[in-house]
Each structure stands twice: as structure tokens, then as C-alpha cells.
Visitor: 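Sharing a structure here in C-alpha cells format.
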Amino acid sequence: MLVIPRRISHQESRPREPNARKAAARIHRLHGEGIAVSEARGSIRLEGEAASYGEKVAAGWTAAGFGFKGVVNDIVVAGVAEERLESPAVSDGLLEGAYFDVVVIGGGVIGSAIARELSRWDLSIALLEKECDVAVHTSSRNDGMIHDGFAAKPGTKKAAYNVRGNRLWEPLCAELGVDFKRPGSLVLFRSPWSAALYPVLADRARRNGVDGWELWSRSRVAAEEPNVVADQHGGFFLPSAGVLSPYKATVALAESAMMNGVRVVLNSCVTGLDMDGGSIARVLTNRGACRAGVVVNAAGNWADVVAGMAGDRFFSLHQRRGTDAILDASTASSQRHILGMPDFLRMHSRTKGGGLVPTVEGNVLVGPTASESPGREDYATRPGELAELEKHIRINGELSMSQVITYFSGVRPCTYEEDFIVEKSDRVANLVHVAGIQSPGLASAPAIAEDAARMAVEIASGFTATRPRSGWRPDGPASPEPRRLSPDGRNALIERNPAYGRIVCRCEEVSEGEIVDAVRSSLPATSLDAIKRRTRAGMGRCHGGFCTPRVMEILARESGVPLWAVTKKGPGSELCVGPTKGARS
Amino acid sequence: MIELKEFTCIECPRGCRLAVRIDSGVATVSGNSCPKGVAWGAQEAVAPMRGLTTTVRIEGSSRRRLPVRASGDMPLSRLLDAMAAIDPVVVRPPVRRGDVVLADLLGLGVDLVATDDLEADAERGAE
Amino acid sequence: MIRRVDTDVVVLGAGPAGLAAACAAIESGARVVVVEREERVGGILKQCVHDGFGVARYGLKLTGPEYALRDADRLASLGAVVMLEAFVSKAERTDGGCRLACVDRSGVVELTAGAVVLATGCRERTDRQVFIHGDRPAGIFAAGLAQYMINVQGLLPGRRALILGSGDIGLIMARRMTLEGMEVLGAHEIKSEPSGLSRNVRQCLDDYGIPLELSSTVTAVHGSRRVTGVTTARVDAAMRTIPGTERDIDCDTLILSVGLIPENEIARSLGVPIDTATKGPKVDQNMHTLAEGVFACGNAVHVNDLADYVSESGETAGRSAAAYAASRLKTGGRAPERRLTPLDAGPGFLYAVPQFVDLAAPRRGELAAFYFRSRATETDGAVVRMSAGGTALLERRYPALRPPEMERFELDTDAIAEAIAEGDTAMPSDRRITLEMGRRSAL
């Protein structure tokens, strides 16, 4: 694991002519003569050996500063094996011979948002997801913040998509019936020196087109956030920063897409792409091969691997882990805004520094950390990460580490340019890449989806008539949430269906009826984690101690599987091995 | 021959530390706080005996397992055998606490008895 | 239509504490409604198929279900109203007592009562609370959850299990899993002595040759879908892992027995002050919390080792709540006066319950029960002394005191009141009630 070096990025907003000779010289000087530098179809390629993952990533960063289309980093790190994309255990012919005008690879927030945008068109669309649910990876492993767009480097795709996405999320959430709040983000100044940076910060916000910013005095901060105990020198307030539940939003996007004809195929992993001339002819999966008019690569941490399947590996992704901690719901009222106290001396384009986020559900979330570490799906938390979060907790005097109810890690897929890739492939005629969608990817998702869908539709118009779908509806399937109803409304609901009156998760007050709804929905929840993401059952302070057996019973009953075969997160994660009384051989 | 053994008494939550001295087959117990400890310690030194509590399968009910106990202690060394003998036992409602669900377990002279009531319900067992 | 029910006493929870409280309240003449979240009464005892319950209360070694059935039968014969599969969604105190919004399969029920008894039990600490690192594979279970799966659902959670912690439920589960055919690799306890009762170490671990590793902990869990193993490490006196002592162990199950926390979310919403040591409401000898009309008992107040003591505090709470509700009715809604005197437990104690003694209305001729845990293990004859108004009222020598083993004694509250009254003219400090620990010579 490597903490990001302090050195600032070499990336510049002004494009310059790629210069392999200069690049090689610099890479050799900084990272050793052992690294072979070559130019491959517009990208710069690094080969050789590095002693650590950190050194490999650092070499990639250096290579990013020379105006190439991308950095392909094939440096081998001793002891770190190249990761293989593993297919789920399912193997059938579900997709064999099927045809779709557009195949979207990846059911994260990006793929789901793209699928929903595409569903506005009268096209046949499939969304392929290798896991047993959408939003399993990066999309459920982040802080749920819809960034204001101030932190992104002016002129980057990140900056533009973030600001646009921030504006789009609120109406989108209203359509989908997903909670969205705009608490605003308060960047606290840790010294008079950082307070003096205000004109610089304001200039950056202006250049990015951020929707509003204010300079708050020390006393204003104290009045607005009385629990801030850190020695602050005022703050930079960005009212447009919002929060939402990233997995609920992703599920709602996917379900909305399904209501408009998109076929979401879970447990289906792309294993290869059959090329025909300069186009993808067939998409090979563990569930059979299907034909595709257009392919959208929204494969998250595997997007470079998928690009490689099409012979278009012009970039490599590196992985930046982030760990967040969630505090008990009793912390909800302790702060009104998103709070952070970055060290501007240490800040750079690769991290915004983390902070305290009042989540849309009312907990305070702390994080995220940021460290370069191999492992595209390595979510194991590590001891030092929590200690790192403690510095944020100290900002708010009402918070302490003893309030942590859970913590988790996520992995951000990053290019070496540290910017998003949203473009038609320049080598494969029917491929759109949406890759390197690291933070603020969630905030940017609706804007990215608009552009990516437009690109796919442009390609599709070459082989089919592209007309808007008649009867397209913007909403998602709405299920009642009894705890949010008035007593009379709740009573009436329970009288219609008593299952809404049986509380299964007492920490989060989730009823059996809501769990049944999740299992019976168009995108059915088939595991405990999927139920948790949709209903919050098991997410509270007791961590499923009470509700786990009860949710298992409902899942088994509703989906017709034996009780012991219920999984935590899909095949291979069965909670039990069988019934008692049958174990002795 | 004199033999000395030490045990934690399990007769009650107090958990007295017993010292048992066996002299020519005669056990002398010390460290106990009550008379139960004397009997238990003397037995433990020669042939440990244990109670057994477990469950049995249920059919014809929404409940899946019924708690049961052996009506008396049995040799510690036979507990796993007893468990194997209990594996195939299935009860159907209604059952009352105290009902014998398996008589003379392993020929040890103890019965397996229900420790809970099991009423008939409308639902079918879902196992 | 929302149903509205008015009663004298509402009891939240029908485990051993709630059952005893409800019975005692009815026997004291109160109308009682019991709110229980599960489909049957009995609480956690339903899944405790092992025996050892009732030694203090009945002189018998009962299993959990047998113990619970005795109270359930008693309650049934008294004719209490029991709401099953019911949940309190909102609780607030009112001028007349309290108002609760409950939800069950029939709809929303609004309960008003003169007094409420919190018998909500406790919950288990989780792997996240003890900061175990790794991914979150299936196969990590709190001991009580594993107990429910095995004993109630008839499910085998895995094949090879390692236990973290040595609380009683974890020890009981070591034996239970072994009997059901699982391999139990050992119990790892971060402290230098076991947390559970020594008899359970004997009959649940030693009997089956399961090692108890003291000063050892689990630092990481391996596997992303199902547990494939854990890393254990030894710890020093400050509970820091000792580098170089890490050991990788193959297993598919990790059972956690790392402590229990009183459930007090409803207590909080009722504004009941919580003791940071017990993590439960502060109470007086009548199990009356510092919020008027709110009573608490059992593991909601502090985590007990014995169901017998849970029942005892339930009886007290039920009787007191009934008397309180009746008194308010008689006086036209005025709350009876209380004169709360704190019980100061010295540094030798983890905690003592009750934290206050109400001297306004001592129950004539009745003894109040006091419970405490020592902070450390004392094996050379610690002496515990309770004094009031500067007068020693009780002095008892204990051959051994261990934090896992709760101690109990009784005292006449009249005697406390008299001692305080006599000391009243002297220093204000003489109005205190103190609990001290030391050697006889030191005291």
C-alpha cells in the first residue's frame, strides 16, 4: 500500500505533442533505466519490473504528462499477480444467439444510468452484470456524495461532468423516487494562511462553473456548525454539494431502465469479444454468446480488460482504495453540512481529502481514505485506515470512534491521466468506452450517461432506425416505506397487507412487506446484501443479529430455495452448509 | 496409591475449584461450598458424567427443531454416540414438555424428553 | 382506524425480565399490556436449549425453554394482554405517563399507560465493533445468532469454526457445535482470563478438548465470499498484537462472543439517563429509572450472567411500576415524590446496580437487591463494604471476585434511610451511600 505522494500531477490542461523521447528520459531518470518505454498506436506503453505497486503507479503518473492518448502500464510488480476476471459459477445458454442493438457491460451506477438513458430510444438493449445484483462494487462502496465540482481540475472531463451531473441528480432522484439532499459542503480553513487562499478557490469554482460558493467567517462557521471543535479559520462553503444513497440510486436506475424495456442480465460476465473486421460481432459470456450492434464498456475496475478484449487497450487502470466508516444514527443531528478540513499543502488532483458526510439516511459517514493498492476487487479493510479516519472525526466534537457501527472499502478505477474516458473508440467502430470513472463518478453519472448514450445512439443510427420509445416513463417502481408514512397511512397500508406490520429489522424499522417487495421486484433481490441495499434491513447498529434469520426465512420462502442455501452475496457465499442432524458422516 | 485431581465444579454457576484426593479408591473432596460438590467431585474423579441437551427435528410445523434433554446424566464419553442416535428422531405436534421422544437412549437407562411445548399450527414445515 | 388502548403498565419485551415484570405487575393489581417483537414469548431463552437456569430461583437446573415456560404459564394464567410480533415505533412521555405507537400485523396501536417497563434485553457486539479486518464474507456470526440458527432454525453454520471471545454464549456454542458435528478449533480470548463462567470453560471446552487461547485475538478474516480462514495473534498486557505471533488458521466459520450491550434505544427516546459503565438506564432499588414512570429491568439495565437475577429485577420493576401507576391514579396524576440518593461505587468496581436508592418510599420490611462486578480479579479475600451516612451497613468478605461473575447482596432500605437520617447533621458527604472494596485492614 502506498500513500499518495505529495508531488503534484504533471498533467496540464494544454495538450501538447506526444514526445516519446522526452517521456522515456524523464521516466528513466525518475523510475530507473529498467523500464522500457514505447509508443503503441498513440498511447505510451511501459514495460519492465517494479519493486512495488506504488512504484509502478508512480511511473504511470509520470508517463501521463506527455500528451499521449493514454498510458498502458504493463510493468510487472514482484509478488503481485496480474488479476483475472472471474466468471460466476453460473453457466447456461441464456444469451446464446440473442441480438441486442446495444449491449452495456457493467451494472454499476454508470452502466445503469446509461441503460436508462438508452431506454428513451426504441432500441433493444441489454445490461450485462457479472454479479448477482447491480451496484455490488464501486457503486455501493463510496460515500454517496454528489460533489459540487469545485475540487476537479479545471478543463478536465471530471470538472465538466461533475458540475453537470450535480445539476441533473436532483430532478432525476425526484423522477425515480430516490431521496436526495443538498446539505452543501463546508471546506474549513485550518490556518489564516489557507483562508487567504479564498480568491484562488473562488477562481477555481468559477472556472469549473460550480453553482455558487461563499466565504464563511470563523464566527459564521461557529454559528452554523456549533459542534466544530477543530481550530478553524472560517470556511469555503459550496451549497450545491448533495448526498444520496448510491446503491438505491443505482437499483432505481436499473429498474427504471427495465420498466422501459431494457433487459438486465445478472450473473453474466463478459469473457471475450468476437471481432469482425473493425467491429465487435459477438459478446461472449458465461451464459452464451450474443450479437451486439453497439457495445458500451462500463466495466468499472475491469474496463481496461474489456477494452483489451476488443483490441483497443489504449489505457490501463490502477486501483485507488478508499475506506469509509459509518457512525451510529444517533450522530445524525450533530452537523448540518458536509465538513472537511483539507491540508491544502497536501492536496492535489488525485484526492479531495475526505471528511464528514451527513448521509441521506441520517448517519454521519467518515471518509474516504485514498491509497494506491493493487486488487480490483480487494475490499479487505486494514487497521491503519481507520486510524486515518480519526482525524476527520476530531473535527466534530460530538463524534468519536466508539460510534463507528461499520466500515468498508471500495476501489476507484483510475487512469494515469486521472481523468474520465467517455468516448467512441477510435479503433473499433461500434464500441463506446466509459472508463476511469473514479471520484466524482457518482456525482457525474447522469451527465456521463447522457453523453455515452448519445454516442451509442449515433453509432446505432448507422444500422437501424433510431426513434424515441413511445410511452417511455421516467419513474421507477415505487414500493411503500411504512416507517415514513403517517400513523393513519401506515395503519391503512397494514390493513391492506399485514406483512407491512411485521417488523423484521428493528434497528431500521423494516417490515416483512418491504422485504417481500424487494424479492419480488423486477430486479429481484436474491441475497442478504441485496436486501440490505434495497431495504436497509441489517444495516443498523445490531448488524443483522436479529433480522438475519428472519430475512433468510423470507428469502427462502419467496424465492423457493432451501433455507441453508440463502447467500450473503450470491453463489459461493452461502450462509450455512446444510441442516443440523445431517452433518455426521 | 494416592491420586490428586483438580476440577471446576459444574453443579452451579459458582464454579468451585475442587481438589479430589483418591486414596485406595476412596475419594475425599475439598474446595466445595456445598454438599453437591462432594458427590460431583467424587464421581468426576472416577468416571465423568454429563447431562445432554440438544434438539430434534420437527415435521408438520412451521417450527424446525424442538429442544430436548436426557432425563439423567450419562458418561461424558458417550455424548457423541448419543447425538448420533438422536439424529434420526423426528417429532410431530403436539408435544408437551416432559414427553418422552426417545426411550432408553443407547441402553443407558435415560430417556430423551421434550423441554418445550410444540403446538400444532396451520402452516406446513418449510424445510 | 388506529386502535387506542389505555392501560396501567406497558411492559416492553417478553423475555425473562418482561415476563416476570408483567406477572408481578398484574399480581399487584395493575392492568398490563406486554409488547413482544417475536412470535412467541420467552425471549432469548427459547434458543438456550442448554441447562443451568433456575438454580437460584427454583433450586433446579432447567433448560432455557423450561425456565421460560414457567413464567409464560404464570402470565397466561394471570390473563395479560400480549401483543406478539409487535414493534414500538415511537415512545414519548406524557403528563399522565407515557404514550407508545406500536405496529403489528393488525395495524398501528396507540398505547397509553401510567408506567412503562423496559425489558428490552441486550444485543451482541459485532465484528465491526471489535475492529476485525478483512472483507465481509459469509461465515462470521455472533454467537447468539449462530445459536438461533442451530437450535431454532436447525441450520449448520459451517464445518470448521473458530471462536473469538470467551463469553458464556460462545463457550456454550463451542459445545453445541461440537455435538452437532462441527469441528471447533479453539476459543481465542484477548484478555488474560476467560470472560465466561469457569464451569462453562470446564464443561464446554475442556470436556471436548477445545483449546482456550488466552491473550490471543483474531486480527484478520480471509475470504471474500465465504470465510476461508483467519489470522490470530497473541497480544501483550495492553492488548496490542505482538508482531511475529500471527498464525493463519483454515476455517469456514468465525463465531464472535465479544460482549453484549443493553438495548436502550427506546430508553433514549424516552429521555432516560444512561450509565456509561453498564450502558443501561440508571435505576433506583425499585428499578425506577431517572425518568418518572419509566422502569427498567433485566439485561436492558446491565448484562447479567444469570436469568434468575434477570427475573428478580423484572419482579421488582413490575411491582414498582404497578404501585407507581396506582399512586398516580389515586393522586390525580401527581407523580409520587422520590428522594434519590446516589450509590457511589469505588474504583474497585466495574459498576454497581442500582445506582440510586430512593429514600422517600422505602418498602417496609422488604430487602433491596444490589448487584456489582469487580473491576479486576481479586483472589485474596477482598472485603466489600456498603455504608450510608458514614455507618457501615454491610461488610462481606469474598474468597474470590472476578469481573465475569456478578455478585449480589441484599440490604434493608429502611436501615439505609435511618443511617442517612442520623448522619444528616454532619457533613454533606455523610448523606452518601458508598460501596468500597479493600482488604479488611485497609477498610
Side-chain angles (χ1 to χ4, degrees), chain B residues 6-18 31 33-34 36-37 40 44 48-59 62-70 73 75-77 79-84 86-87 90 95-98 113-119 121 123 125-127, chain C residues 39-40 42 45-56 59 61-70 72-73 148-155 168 172 175-176 178-181 194 196-208 305-309 379 399-400 402 404-406:
Chain B
E6 284 200 2
F7 312 108
T8 302
C9 181
I10 62 170
E11 280 291 295
C12 85
R14 179 160 285 277
C16 294
R17 193 79 192 144
L18 304 182
S33 320
C34 77
K36 281 186 194 170
W40 186 84
E44 185 75 359
M49 299 288 283
R50 293 289 183 271
L52 175 65
T53 59
T54 179
T55 61
V56 294
R57 301 181 212 224
I58 297 174
E59 274 179 10
S62 58
R63 286 175 63 184
R64 294 183 164 87
R65 292 292 180 268
L66 182 72
V68 293
R69 70 186 302 164
D73 287 353
L76 172 61
S77 58
L79 288 179
L80 286 171
D81 298 336
M83 285 299 295
I86 293 166
D87 273 355
V90 175
V95 179
R96 282 282 296 171
R97 72 198 92 149
V113 297
T115 55
D116 199 359
D117 295 346
L118 175 65
E119 321 287 348
D121 65 13
E123 288 173 76
E127 194 176 302
Chain C
E39 43 286 307
R40 292 189 295 141
L45 290 173
K46 296 195 295 295
Q47 69 190 60
C48 296
V49 304
H50 59 280
D51 68 2
F53 301 93
V55 175
K61 273 207 270 182
L62 301 173
T63 63
E66 288 170 329
Y67 185 100
L69 280 170
R70 289 186 170 225
D73 286 352
Y148 185 93
M149 287 173 157
I150 294 177
N151 292 348
V152 178
Q153 294 186 296
L155 295 173
D168 284 311
I172 294 287
R175 175 176 64 182
R176 190 75 190 103
T178 307
L179 287 173
E180 287 292 353
L197 299 174
S198 20
R199 72 157 173 174
N200 284 334
V201 173
R202 170 74 191 174
Q203 62 180 351
C204 298
L205 299 183
D206 297 351
D207 275 1
Y208 302 91
D305 336 327
L306 297 183
D308 304 60
Y309 294 151
T379 49
R402 295 180 58 222
E405 285 160 20
M406 194 175 83

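The analysis underlying the following values was restricted to heavy atoms, covering all of them including side chains, and did not include hydrogens, waters or symmetry mates. In the text below, chain A, chain B and the rest are named by the order of the sequence lines, each starting its count at 1.
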Visitor: Side chain, backbone, both or neither: which part of B/Leu52 has a non-hydrogen atom closer than 4.5 Å to chain C?
Guide: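 For B/Leu52, the contact with chain C is made by the side chain alone.
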
Visitor: Using the salt bridge (charged side-chain N to carboxylate O under 4.0 Å, His left out) rule, pick out the option among C/Arg40, C/Arg70, C/Lys46 that qualifies with B/Asp116.
Guide: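 Among the candidates, only C/Arg40 passes.
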
Visitor: Non-hydrogen atoms of chain B under 4.5 Å away: do they reach the side chain of C/Val152, the backbone, both or neither?
Guide: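 Looking at C/Val152, just its backbone touches chain B.
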
Visitor: Against chain B, label C/Asp308 side chain, backbone, both or neither, depending on which of its atoms sit under 4.5 Å from a heavy atom there.
Guide: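 Contact with chain B involves no heavy atom of C/Asp308 at all.
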
Visitor: Do C/Asn200 and C/Gln203 pair up side chain to side chain, a donor and an acceptor below 3.5 Å, judged on atom types alone?
Guide: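 There is such a pair (donor and acceptor under 3.5 Å, judged by atom type) between the side chains of C/Asn200 and C/Gln203.
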
Visitor: Looking at side-chain heavy atoms only, is the closest gap between B/Arg64 and B/Arg57 below 4.5 Å?
Guide: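 Result no, sub-4.5 Å side-chain heavy-atom pair not found.
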
Visitor: Which one wins on heavy-atom pair count under 4.5 Å against chain B: C/Leu69, C/Thr63, C/Val49?
Guide: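 Counting heavy-atom pairs under 4.5 Å, the top option is C/Leu69.
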
Visitor: Tell me, side chain or backbone of C/Leu62 under 4.5 Å from chain B's heavy atoms, or both, or neither?
Guide: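 Answer is backbone: N, CA, C or O of C/Leu62 sit under 4.5 Å from chain B.
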
Visitor: Taking B/Asp117 first and then B/Arg96, would you say they form a salt bridge - that is, a charged N and a carboxylate O separated by under 4.0 Å?
Guide: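 Yes, this pair counts.
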
Visitor: Heavy-atom distances under 4.5 Å only: say whether B/Glu44 touches chain C with side chain, backbone, both or neither.
Guide: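 When you check distances to chain C, only side chain atoms of B/Glu44 fall under 4.5 Å.
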
Visitor: Could you tell me whether the side chain of C/Asp168 and the main chain of C/Gly196 form a donor-acceptor pair under 3.5 Å?
Guide: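 No, because the side chain of C/Asp168 does not come within donor-acceptor range (under 3.5 Å) of the backbone of C/Gly196.
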
Visitor: Does a donor on one side chain sit under 3.5 Å from an acceptor on the other, for B/Thr55 and C/Arg176?
Guide: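 Yes, because at least one side-chain N or O of B/Thr55 sits under 3.5 Å from a partner of the opposite role on C/Arg176.
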
Visitor: C/Ala400, C/Gly42, C/Ser198, C/Pro399: which one forms the most heavy-atom pairs within less than 4.5 Å of chain B?
Guide: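 Ranked by contacts with chain B, first place is C/Ser198.
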
